[in-house]
**Student:** 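The structure's right below; bear with me while I get my questions together.
What you see is a predicted model, and the numbers here were worked out from it, not measured in a lab. Sequence lines set the chain letters: A, B, ... in the order given, protein chains first and strands last, and positions in each chain run from 1.
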There are 2 protein chains.
Amino acid sequence: MLLLHLTNIDEASWAQSFREALAPYPVVLRGDDFDPADIRYIFVWKPQADAFEGLTGLEVILSLGAGVDALLQHPNLPDLPIVRFVDEDLSQRMSDYVVAHVTMHHRQYTRFHQDQKARRWSQYYPPAASETTVGIMGMGVLGQDAARRLKPLGFSLRSWSRTPKAVEGVESFAGDDGFEPFLSGTDILVNLLPLTPDTKGILSSDTFAKLRRGNFEGGPVIINAARGGHQREADIVSALTDGTLGAASLDVFEVEPLPQSSPLWGIENCYITPHIAAISNEKSGVRYFAQIVRDHRAGKPLINVVDRQRGY
Amino acid sequence: MLLLHLTNIDEASWAQSFREALAPYPVVLRGDDFDPADIRYIFVWKPQADAFEGLTGLEVILSLGAGVDALLQHPNLPDLPIVRFVDEDLSQRMSDYVVAHVTMHHRQYTRFHQDQKARRWSQYYPPAASETTVGIMGMGVLGQDAARRLKPLGFSLRSWSRTPKAVEGVESFAGDDGFEPFLSGTDILVNLLPLTPDTKGILSSDTFAKLRRGNFEGGPVIINAARGGHQREADIVSALTDGTLGAASLDVFEVEPLPQSSPLWGIENCYITPHIAAISNEKSGVRYFAQIVRDHRAGKPLINVVDRQRGY
């Protein structure tokens with residue numbers, strides 16, 4: 001039996017889709033009449049504190065989110081395999097966001113917008129994409145998809161990850177030793193890291209100061225499409241104001257919704273979107289997790305299981 | 001002998017580069033001491049009325065611009081082959097501009113910018129690229145390069161040109177009969193046409209009214225990176241104001257520099273850049289035209305010769 005436990009999401013709609021995909025396998029919602037001991041799978045999004053109570057027969061936890069940082073903090077998380085969502089549709093949407101913001105900054109949107117407001121005709125020719133280096137932090141499924149889409153546009157690409165990742169056409173840097181060399185050649189920094197104790201607050205004044213200066217008109221740029229916990233917002237405010245950064249695109253925030261009082265809202269070269277870079281899609285989610293359940297019932301091994309040590 | 005005749009461009013620098021590339025073949029500038037009858041090639045950018053006077057031995061006209069609409073209007077243009085610049089570097093830069101503006105609009109930049117100014121956290125998930133159709137007008141070198149770069153991003157693509165052009169992954173429409181069907185499925189319209197009597201004023205109220213409505217949040221978008229003569233600016237002002245168009249990105253204008261009094265400057269969903277989408281680069285220009293001259297001296301046929309009937 002599969003139990004759905006989704007907060008702030010249309011649970012009934014997901015349940016209906018799962019029933020169609022898994023029938024005759026039973027699918028239930030909280031509040032339905034069932035014996036908790038019969039639950040083998042729980043599909044969660046922001047599970048409450050008592051989410052796992054009485055689930056004595058539970059075998060696998062299915063996570064709607066691609067990032068499981070919040071789930072791993074759950075105070076009563078059973079010691080069972082967690083399967084996270086690896087979603088092609090989500091990767092596509094995330095890359096859509098990344099490409100749009102990389103290219104917007106590459107083409108000096110901030111400069112031309114200021115000129116427009118002043119009704120000023122001031123010709124400046126942005127560099128070719130090949131003269132601009134995009135540095136991607138995090139080379140999992142999302143980072144690799146972003147690289148694959150940025151490459152045909154002509155950008156020079158480099159990546160930084162925990163362990164070296166060989167991706168064609170992308171210069172790979174890894175680990176603590178590789179961080180400074182990685183930053184020192186990066187014009188536009190894209191964060192797609194998982195949030196772990198190691199990566200918390202990585203978008204800080206220290207990091208910004210190490211980005212390449214002088215190659216890219218207006219100063220280096222950061223784009224954060226991962227987690228608010230990666231960024232120190234006070235540092236971003238300073239860096240955008242004092243010129244350490246030329247611009248920032250932020251889709252995620254330390255506190256969401258971003259409080260009205262945040263100074264980030266009012267900074268001209270800060271581009272805010274309300275955590276909409278990518279969302280897990282019901283259709284692809286049901287297809288993916290229904291297959292996981294069917295394969296697991298048939299005795300096949302689980303895929304995309306979270307490594308709790310690494311945190312993703 | 002090659003004569004350079006470039007207006008508002010650093011002629012001396014180009015002459016130096018041409019001399020290095022063509023030596024010992026002679027390269028001269030206006031004002032140098034030479035016999036006009038010895039000139040075999042003239043390399044022009046915005047030639048003055050007397051540019052061709054006395055050039056009785058002229059064989060070929062070399063045009064720095066990829067677009068030759070202005071040159072073909074020259075009152076004293078000799079009836080000789082015109083070679084236009086087909087420049088990979090220029091295609092790359094033009095595609096950089098096109099991709100940046102297509103993706104910016106696809107990701108609903110205007111909407112999120114308005115929300116940011118109002119400090120409003122309002123989640124809206126843009127469609128995936130595959131759910132959005134980009135229609136490219138003009139499938140020459142520039143249009144094909146733009147298509148080649150937009151395709152890996154996942155967009156649905158269609159093209160419209162004078163005669164059908166088969167490009168993989170791009171639905172082709174052509175001629176007068178194909179124009180309405182082309183527009184009726186287009187969410188984001190990109191103009192890369194040559195400017196000819198047939199294409200003058202093509203970005204008009206009539207055209208805007210035929211674009212697809214209802215598929216794309218905020219309304220259809222136009223992007224003009226070709227010539228100001230393609231657009232009717234009064235129609236664009238109306239369409240942006242009354243909601244016929246959701247947004248416009250304009251790099252070119254009927255009169256350049258765009259007059260301070262133009263209402264376009266002040267329209268929030270109009271994105272103005274000062275004719276900087278792409279510029280011909282000296283290095284690639286000298287390499288290209290030096291090869292043209294050498295090949296022609298060696299008796300080989302000219303490439304990229306303008307068809308005066310078609311106008312490009």
**Student:** Please look at Asn281(A) and chain B and tell me whether the side chain, the backbone, both or neither of the residue comes under 4.5 angstrom of a heavy atom of that chain.
**Tutor:**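 Neither part; nothing is under 4.5 Å.
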**Student:** Assess the side chains of Ser262(A) and Glu233(A): does a donor N or O sit below 3.5 Å from an acceptor N or O?
**Tutor:**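 There is no such pair between these side chains.
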**Student:** Between Asp89(B), Val99(B), Asp96(B), Thr273(B), who has the most heavy-atom pairs with chain A when the cutoff is under 4.5 Å?
**Tutor:**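 Heavy-atom pair counts peak at Asp96(B).
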**Student:** Please examine the side chains of Leu142(B) and Val98(B), heavy atoms only from C-beta on, and report whether any two atoms are closer than 4.5 Å.
**Tutor:**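 Result no, sub-4.5 Å side-chain heavy-atom pair not found.
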**Student:** Is the number of heavy atoms from other residues, nucleotides or ligands under 6.0 Å of Asp242(A) CG greater than 12?
**Tutor:**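 For Asp242(A), atom CG is crowded (more than 12 foreign heavy atoms under 6.0 Å).
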**Student:** Do the side-chain N and O atoms of Tyr109(B) and Tyr109(A) include a donor-acceptor pair separated by under 3.5 angstrom?
**Tutor:**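 A pair is found: one side chain offers a donor N or O, the other an acceptor, under 3.5 Å apart.
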**Student:** Is Ile267(B) close to chain A through its backbone or its side chain, or both, or neither, when contacts mean heavy atoms under 4.5 Å?
**Tutor:**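 Backbone only.
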**Student:** With a 4.5 angstrom heavy-atom cut-off, is it the side chain or the backbone of Arg148(B) that approaches chain A, or both, or neither?
**Tutor:**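 Neither part.
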**Student:** Against chain B, label His106(A) side chain, backbone, both or neither, depending on which of its atoms sit under 4.5 Å from a heavy atom there.
**Tutor:**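 Only the side chain of His106(A) comes within 4.5 Å of chain B.
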**Student:** Please look at Arg93(B) and chain A and tell me whether the side chain, the backbone, both or neither of the residue comes under 4.5 angstrom of a heavy atom of that chain.
**Tutor:**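 Both the backbone and the side chain of Arg93(B) come within 4.5 Å of chain A.
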**Student:** If I measure from the heavy atoms of chain A, does Ser249(B) come under 4.5 Å with its side chain, its backbone, both, or neither?
**Tutor:**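 For Ser249(B), no heavy atom lies under 4.5 Å from chain A.
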**Student:** Taking Lys151(B), His101(B), Arg120(B) one by one, which has the highest count of heavy-atom pairs under 4.5 Å against chain A?
**Tutor:**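 Most heavy-atom pairs within the cutoff with chain A belong to Arg120(B).
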**Student:** Do you know which of Pro274(A), Ala100(A), Ala278(A) has the most heavy-atom pairs with chain B at a distance under 4.5 angstrom?
**Tutor:**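 Among the listed options, the one with the most contacts to chain B is Pro274(A).
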**Student:** Heavy-atom distances under 4.5 Å only: say whether His275(B) touches chain A with side chain, backbone, both or neither.
**Tutor:**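 Answer is both: backbone and side chain atoms of His275(B) are under 4.5 Å from chain A.
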**Student:** I'd like to know which of Ile272(B), Leu150(B), Leu264(B) tops the heavy-atom pair count under 4.5 Å against chain A.
**Tutor:**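 Top count of heavy-atom pairs under 4.5 Å with chain A: Ile272(B).
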**Student:** Do Arg111(A)'s NZ or CZ and the ring of Tyr124(A) fall within the cation-pi criteria of under 6.0 Å and 45°?
**Tutor:**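 Yes - Arg111(A) lies over the ring of Tyr124(A), closer than 6.0 Å to its centre and within 45° of its axis.
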**Student:** Just give me the residue among Pro259(A), Ser130(A), Ala128(A), Ala118(A) that pairs up with chain B most often, heavy atom to heavy atom, under 4.5 Å.
**Tutor:**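 Sorted descending by pairs with chain B, the first entry is Ala128(A).
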**Student:** Looking at Arg287(A) and Glu88(A), does any basic side-chain N land under 4.0 Å from a carboxylate oxygen?
**Tutor:**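 Salt bridge absent between Arg287(A) and Glu88(A).
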**Student:** Starting from the C-alpha separation in whole Å, work towards a yes-or-no answer on side chain to side chain contact (heavy atoms under 4.5 Å, CB included) for Trp121(B) and Gln123(B).
**Tutor:** CA-CA 6 Å; Trp121(B) 181 273; Gln123(B) 290 189 309; 3.8 Å; yes
**Student:** Counting only non-hydrogen atoms closer than 4.5 Å, does His113(A) touch chain B with its backbone (N, CA, C, O), its side chain (CB onward), both, or neither?
**Tutor:**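 Contact with chain B involves the side chain of His113(A) alone.
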**Student:** Side-chain donor-acceptor pair under 3.5 Å between Thr110(A) and Asn269(A), yes or no?
**Tutor:**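 The criterion, which ignores hydrogens and geometry beyond distance, is not satisfied for Asn269(A) and Thr110(A).
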**Student:** Glu131(B) versus chain A, heavy atoms under 4.5 Å apart: side chain, backbone, both or neither?
**Tutor:**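 Contact with chain A: side chain only.
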**Student:** With no hydrogens and no angle check, do the side chains of Thr132(A) and Asp187(A) hold a donor and an acceptor under 3.5 Å apart?
**Tutor:**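 There is no such pair between these side chains.
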**Student:** Would you mind telling me which of Gln108(B), Arg119(B), Met104(B), Gln260(B) has the largest number of heavy-atom pairs within less than 4.5 Å of chain A?
**Tutor:**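 Looking at each option in turn, the highest pair count goes to Arg119(B).
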